[in-house]
Amino acid sequence: MKKKAFSSVMTLALAGGLILGGCSSSTGSSGDEKASSGDKTVVKMMHLWPEGSSNAQYTIVDDIINAYEKEHPDVDIQTEILGNEQYKEKIKVLSASNELPDVGITWAAGYMKPFVDGKMFAPLDDIAKEDNFVAGTLDAFSVDEKPYAVPLELNITPVYYNKEIFKKYNLEAPKTYDEFLNVVETLADNGVTPITLGNKDRWTGSMWYMYLADRIGGPEALNNAINRSGSFEDPALVQAAEEIEKLVKMDAFVKGYNGLSNDEAKGYFMNEQAAMYLMATWELPNYTTTPDVSQEFKDKVGYFKFPTYEGGKGDIDSYVGGPGVGLFVSEQSKVKDEAKEFVSYLVEEWGKRSVVDAGVIPATVVDTSNGELHPMYIDILNDLGNASNLTLYADVQMSAGVADVHLNQIQALFGGQTTPEKFAKTQEEALAAEK
């Protein structure tokens with residue numbers, strides 16, 4: 001396996017729209033004296049996989065907790081479960097009052113670093129072994145070469161497409177950007193929505209921009225602009241914005257995309273009202289293993305790598321992606337040792353079960369010889385193994401303030417409310433102001 005080249009800024013994204021859903025709960029926080037439930041030690045955990053919207057992940061975690069409690073009858077794992085956005089808001093509140101749960105979910109460095117700087121997350125170098133994880137993933141959750149969380153997921157972002165729609169119009173999965181534009185034009189001319197996009201969430205549009213920036217300028221163009229060894233006014237980054245503008249003018253995207261959430265937009269692909277959908281591999285269960293989706297639809301779905309751009313510096317094996325969420329242990333936990341032992345167990349069991357049971361690619365190394373794996377998973381895992389680069393989602397490579405500027409500019413660009421030049425200039429000014 002090639003060692004993946006990660007951005008030096010090392011963060012994760014999509015936090016803003018990874019999973020949406022309601023909440024269920026059963027616990028408080030861990031700021032009390034060492035808790036006990038009868039003769040049991042209580043370890044309090046918060047996660048973001050509600051049973052309704054993320055059933056597969058919820059079930060895996062629930063089963064792992066039950067198994068752990070059977071093996072450790074003196075431990076009681078109590079969970080509080082929130083949807084993605086509610087989770088992020090509650091973590092803010094709990095961190096401000098120094099009452100984080102014993103175990104919780106975090107995103108990587110850009111999101112995580114303020115918690116580490118505030119001494120809220122415990123170092124996990126005593127339980128995290130680098131050889132157990134895909135190269136580079138543990139680095140994403142490390143500060144000064146010490147891990148403060150352990151990763152659960154790893155994602156790359158392909159373009160999913162409806163093979164039946166493509167066949168109807170004699171189209172093939174494009175390998176070059178010119179071929180891709182021909183697909184868009186052919187579909188639009190025949191009254192078919194080429195691409196569904198829920199850009200109300202903004203990070204969704206950012207991924208389209210990131211891929212164009214990568215294919216035109218190579219991965220270093222965007223990374224250098226963010227880490228300040230380059231500029232956001234790099235011609236390649238302006239040209240990427242021009243290509244977005246061109247796609248908008250071609251009616252490439254579903255009507256009303258700037259007012260649609262990602263979940264709403266996804267429905268257009270699932271209902272066969274749009275031919276393509278660019279999204280990370282956490283969507284794979286919908287096209288492979290989820291029982292709620294018909295096999296007839298699953299059989300129609302394929303994927304392709306984001307095409308190469310003629311004269312561009314990027315290659316087809318470079319991906320927008322990176323580590324997903326990880327697990328932290330609160331530095332202030334009164335049951336820190338028990339929490340670490342549980343986290344170590346959960347990560348190991350998640351790695352064994354997540355692909356087959358939930359269709360989620362873990363950050364731990366996966367044996368693709370497993371006969372139970374769906375062929376699409378094997379293809380994706382092999383693609384991941386051959387990746388030349390993983391560029392982490394741009395919005396969380398940035399500080400919160402600059403990320404907001406970036407996401408607002410993405411929405412403005414897709415909405416025709418800014419020019420490519422102003423799009424780049426505004427972001428450059430925001431980044432430079434923090435230098």
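The figures here come from the full heavy-atom set of this structure, side chains too, leaving out hydrogens, waters and symmetry mates.
Taken to the nearest 0.5 Å, the CE atom of Met270 stands 4.0 Å off from the CG atom of Asn286. Atom CD1 of Ile380 sits about 11.5 Å away from atom NE2 of His374, to the nearest 0.5 Å. Atom OG1 of residue Thr59 and atom CG of residue Asn66 lie 10.5 Å apart, to the nearest 0.5 angstrom. Here the CG-OG1 distance, from Asp251 to Thr193, works out to 9.5 Å after rounding to the nearest 0.5 Å. Distance check: Lys249 NZ to Ile244 CD1 gives 13.0 Å after rounding to the nearest 0.5 Å. The distance from atom CG of Asp201 to atom CG of Leu260, rounded to the nearest 0.5 Å, is 9.5 Å.
The ring of Phe328 has its center no closer than 6.0 angstrom to the ring center of Tyr148. Two rings, from Trp208 and Phe306, have their centers less than 6.0 Å apart. Aromatic ring centres of Trp49 and Trp282 lie farther apart than the 6.0 Å criterion allows. Taking the six-membered ring for Trp and the full ring otherwise, the centers of Tyr209 and Phe414 sit at least 6.0 Å from each other. Aromatic rings from Phe141 and Phe121 are positioned such that their centres are separated by 6.0 Å or more.
Asp395 and Tyr111 share no donor-acceptor pair across their side chains, judged by distance under 3.5 Å alone. Using a 3.5 Å distance cut-off with no hydrogens or angles, the side chains of Ser388 and Asp317 do not pair a donor with an acceptor. Residues Asp214 and Ser318 have side chains that bring a donor and an acceptor to within less than 3.5 angstrom of each other. In this model, no donor atom of one side chain and acceptor atom of the other lie less than 3.5 Å apart for Tyr68 and Glu349.
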TODO: Please lay out, stage by stage, how Asp102 and Ser330 fare under the test side chain to side chain donor-acceptor pair (under 3.5 Å).
DONE: CA-CA 5 Å; Asp102 301 305; Ser330 170; over 6 Å; no
TODO: Quick one: do Asn162 and Glu272 satisfy side chain to side chain donor-acceptor pair (under 3.5 Å)? Show the steps, please.
DONE: CA-CA 7 Å; Asn162 187 306; Glu272 302 187 62; 3.3 Å; yes
Open item on the list: As a quick check of understanding, evaluate side chain to side chain donor-acceptor pair (under 3.5 Å) for Asp383 and Tyr303, giving each step before the final call.
Closed with: CA-CA 12 Å; Asp383 287 345; Tyr303 78 89; 2.6 Å; yes
Task: Audit row: Asp63, Arg353, salt bridge (charged side-chain N to carboxylate O under 4.0 Å, His left out) steps and yes/no - done: CA-CA 10 Å; Asp63 288 350; Arg353 301 179 52 179; 3.2 Å; yes
Open item on the list: Test side chain to side chain donor-acceptor pair (under 3.5 Å) on Asn155 and Thr281; report intermediate values, then the result.
Closed with: CA-CA 5 Å; Asn155 294 293; Thr281 44; 3.1 Å; yes
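Judged by distance alone, with hydrogens and angles left aside, the side-chain atoms of Thr157 form no donor-acceptor pair with the main-chain N or O of Met279 at under 3.5 Å. Under the 3.5 Å distance criterion, the side-chain polar atoms of Asn227 are matched with a main-chain donor or acceptor of Ser229. Under a 3.5 Å cut-off, the side chain of Arg215 and the backbone N or O of Pro307 do form a donor-acceptor pair. For the pair Asn199 (side chain) and Tyr257 (backbone), a donor-acceptor distance under 3.5 Å is absent. Between the side chain of Glu245 and the backbone N or O of Gly416 there is no donor-acceptor pair closer than 3.5 Å. Asp62 contributes no side-chain N or O that, together with a main-chain N or O of Tyr58, makes up a donor-acceptor pair within less than 3.5 Å. With hydrogens and angles ignored, the 3.5 Å screen pairs a side-chain donor or acceptor of Tyr211 with a backbone N or O of Val320. Within the 3.5 Å criterion, the main-chain N or O of Val360 finds a donor-acceptor partner in the side chain of Ser354.
Within 6.0 Å of the CD atom in Glu145, the count of heavy atoms belonging to other residues, nucleotides or ligands does not exceed 12. Shown here is Lys298, whose NZ atom has more than 12 heavy atoms of other residues, nucleotides or ligands within 6.0 Å. Within a 6.0 Å sphere centred on NZ of Lys200, other residues, nucleotides and ligands contribute 12 heavy atoms or fewer. Environment of CG in Asn271: crowded, with over 12 heavy atoms of neighbouring residues, nucleotides or ligands closer than 6.0 Å. Within a 6.0 Å sphere centred on CD of Glu172, heavy atoms belonging to other residues, nucleotides or ligands number 12 at most. No more than 12 heavy atoms of other residues, nucleotides or ligands lie within 6.0 Å of CD in Glu164, so this atom counts as exposed by the packing criterion.
Note: Tyr287 and Phe269 have perpendicular aromatic rings, judged against thresholds of 30 and 60 degrees for the angle between ring planes.
Ion pairing between a basic and an acidic side chain is recognised when a charged N comes within 4.0 Å of a carboxylate O; Lys92 and Glu89 show such pairing. Salt-bridge annotation for Asp404 and Arg202: present, with a side-chain N of the basic residue lying under 4.0 Å from a carboxylate O of the acidic one. Between Glu80 and Lys44, none of the side-chain N atoms (NZ, or NE/NH1/NH2) sits under 4.0 Å from a carboxylate O, so this pair counts as no salt bridge. Taking a cutoff of 4.0 Å between a charged side-chain nitrogen and a carboxylate oxygen, Lys119 and Glu331 do not qualify as a salt bridge.
A side chain to side chain donor-acceptor pair (under 3.5 Å) check over residues 422-431, counting only residues at least two apart or in different chains, returns the pairs Arg228-Glu428, Ser231-Glu428, His406-Gln427, Lys425-Glu429.
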Kindly list each side-chain donor-acceptor pair under 3.5 angstrom involving residues 174-184, sequence neighbours excluded, with atom names and distances?
residue : atom : partner : partner atom : Å
Thr176  : OG1  : Glu179  : N            : 3.2
Glu179  : OE1  : Lys175  : N            : 2.8
Glu179  : OE1  : Thr176  : N            : 3.3

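Between Ile195 and Ala274, the closest heavy-atom pair is C-CB, 4.3 Å.
Within the 4.5 Å cutoff, no side-chain heavy atoms of Pro50 are placed close to those of Leu82.
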